[in-house]
Amino acid sequence: EAKAQGRQRAMVFEPAIDERHQVRLRMEAGLHHALAAGDELFVCFQPRFDISGDRVVGAEALLRWQSPTRGLVPPSTFIPLAEHSGLIVELGRFVLGEACRQAAAWAEAGCAIPVSVNLSPRQLHADDLIRDIHAAIRQAGLSPRMLELELTETHVMDNIDRVLPVLHQIRAMGVGLAIDDFGTGYSSLAYLKRLPIELLKIDRSFLADVPGDADDEILLAAIINMAHNLGFRVLAEGVETERQRRFLAERGCDELQGFLLGRPQSPEQLMATLRRVSGVPGSRI
Ligand code: C2E
Ligand code: MG
Ligand code: MG
Ligand code: MG
C-alpha cells in the first residue's frame, strides 16, 4: 500500500518537475540555435575606472542573449544553464574571441585598454582552454597583456589542486588573472596567497549598505588591506553612488566598476567614450 501511495505521490510531483525540465530543454535548444544563428548573442563592455573615476583603465566583457522569442535573457538565467549543459565552453569561446577582437580594435584606434573575460568553472576544466586563449589572442593580434580572465572564488578554492596548474599556464602566456565576486565564498588566506592572480574584485553585495552599515564598512576596509598585504590590486564592483566612491578612495581601493561611472555598453559606445576621454581627466561615462 505504501508503494502505491508513493507512486501516487510521485505522479503528483512529476508534472511540475517535467515542466521545469521542458523549460530548461527549450531554453537550451534556443541557446544552441543562437550559437548557430550568430545574431542573437553579443558582447557588451562595462568600463573599469581608476579610483578617482576619471580614467577608464579597462573593460569587462559581458555576454548578452537577445532571443527572438524571450527577449533579452539575463546572464543570470542562461549562464548557469549553459554551464550545466556544457554549452558554456562554446559560448565562452565566442566571448573570448569577441573580447580580444574589440580590445585589438581599441588599441588600433590609439586608446588601448585591457579587456577582462569571465571564465566559468566548466571552461577552466576543458582540455582546449589554453588552446582557445592562444587562438583568440593570435587571431585578434592582441598582446596577451591586454587580456585578463576572471574566475569565481568558490570554484577556484574548491578545486585548488586541479585549477592551480591551469592558472600557472595562463599566467605563463602573459594573460592576467582576477578573482571575481570576492567575499561571497570562504577563502582561506593561505590558499589565496598561492594563487597567481593580480586582482581581487570585491563582490557588490559588500557595497550595497556602505557607507552606513558599520559591519560592512569594517569588512570592506579589511578586505582592501588584506588584498594589498598579499600583493593584489583591489577593484570594487557595483559602485552606484559618489559616497561609495569616496568611501573606497579613502580606504585605498585601486579601481571601480559600477553604474555610477559606466554601464555595460556596446563596443562602439565605449570606443566613442575612450576617444573622447583618452588623456582628458575629469570626463565620465
Ligand atoms: P560579474 O562577472 O560579477 O559581472 C558584473 C555584473 O554586475 C554584471 O551583470 C553587471 O552588469 C553588473 N553590475 C555592474 N555594475 C553594477 C552596479 O553598479 N549595480 C548593479 N546592481 N549591478 C552592476 P550581468 O552582465 O548581468 O552579468 C551577471 C553575471 O553573469 C556576471 O557577473 C558573470 O558572473 C556572468 N557572466 C556574464 N557574462 C559572462 C560570460 O561571458 N561568461 C561567463 N562565464 N559568465 C558571464
Ligand atoms: Mg566578472
Ligand atoms: Mg562580479
Ligand atoms: Mg560573477
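Ligands are counted one by one from 1 in listed order, and the atoms in each one are counted from 1 as well.
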* Heavy atom of E83 under 4.0 Å from ligand 1? -> no
* Looking only at heavy atoms, is any part of D181 under 4.0 Å from ligand 1, and if so is it the side chain, the backbone, or both, or is it neither? -> side chain
* To do: Would you kindly specify which portion of V95 sits under 4.0 Å from ligand 1, judged on non-hydrogen atoms: side chain, backbone, both or neither?
  => side chain
* **N118 N/O/S atom closer than 2.8 Å to the Mg ion (ligand 2)** => yes
* In D181, what N, O or S atom is nearest to the Mg ion (ligand 3), if we give its atom name? -> OD1
* To do: Report yes if some N/O of I79 lies less than 3.5 Å from some N/O of ligand 1; otherwise report no.
  => no
* Asked: Under the side-chain contact (heavy atoms from CB on, under 4.5 Å) criterion, do D203 and D180 qualify, and how do the steps go?
  -> CA-CA 7 Å; D203 192 74; D180 201 0; over 6 Å; no
* Report the part of D180 (side chain from C-beta onward, or backbone N, CA, C, O) that has a heavy atom under 4.0 Å from ligand 1; answer both or neither where that applies. => side chain
* Polar side chain donor-acceptor pair, N159 to H125, under 3.5 angstrom -> no
* To do: Count the heavy atoms belonging to other residues, nucleotides or ligands that lie under 6.0 Å from CZ of R70, then report whether that count exceeds 12.
  => yes
* Check ligand 1 against G238 and write out every atom of the ligand that is under 4.0 Å from a heavy-atom position of the residue. => 16 (C), 17 (C), 18 (O)
* F45: partners by ring pair (Phe, Tyr, Trp, His ring centres under 6.0 Å), with sequence neighbours left out -> W106
* ligand 1 atoms in contact with V239 (distance to a heavy atom under 4.0 Å) -> 18 (O)
* Option with minimal heavy-atom separation from atom 42 (N) of ligand 1, where the choices are L91, N118, L63 -> N118
* **Positive for salt bridge (charged side-chain N to carboxylate O under 4.0 Å, His left out) with E60, one of R263, K201, R48** => K201
* Any N/O/S atom, backbone or side chain, of E60 lying under 2.8 Å from the Mg ion (ligand 2)? -> yes
* Asked: Rounded to the nearest 0.5 Å, how far does CD1 of I218 lie from CZ of R251?
  -> 10.0 Å
* Does an N or O anywhere in E237 fall below 3.5 Å from an N or O of ligand 1? -> yes
* **Interatomic spacing from CG in L235 to CG in L200 - rounded to 0.5 Å** => 10.0 Å
* To do: Report the name of the N/O/S atom of E150 located nearest to the Mg ion (ligand 2).
  => OE1
* Do S67 and T69 have side-chain N/O donor and acceptor atoms under 3.5 Å apart? -> yes
* **Quiz item: cation-pi between R204 and F206, 6.0 Å / 45°** => no
* **Part of R64 with heavy atoms under 4.0 Å of ligand 1, whether side chain, backbone, both or neither** => side chain
* So, D180 and the Mg ion (ligand 2): N/O/S under 2.8 Å, yes or no? -> yes
* Per-atom contacts, ligand 1 versus P264 - under 4.0 Å to a heavy atom -> 11 (O)
* To do: Output yes when the distance from some N or O of ligand 1 to some N or O of A61 is under 3.5 Å, and no in every other case.
  => no
* **Identity of the nearest option to atom 24 (P) of ligand 1, non-hydrogen atoms only, from P74, P75, S76, S120** => P75
* Structure fact -> To atom 21 (N) of ligand 1, the nearest of Q123, E150, E240, Q46 on a heavy-atom basis is E240
* **Nearest-0.5 Å distance that lies between atom CG in L219 and atom CD in E217** => 10.5 Å
Donor-acceptor contacts, no H, no angles, side chain residues 23-42, under 3.5 Å, sequence neighbours left out:
{"residue": "H33", "atom": "ND1", "partner": "E40", "partner atom": "OE2", "Å": "3.1"}
{"residue": "E40", "atom": "OE1", "partner": "W65", "partner atom": "NE1", "Å": "3.0"}

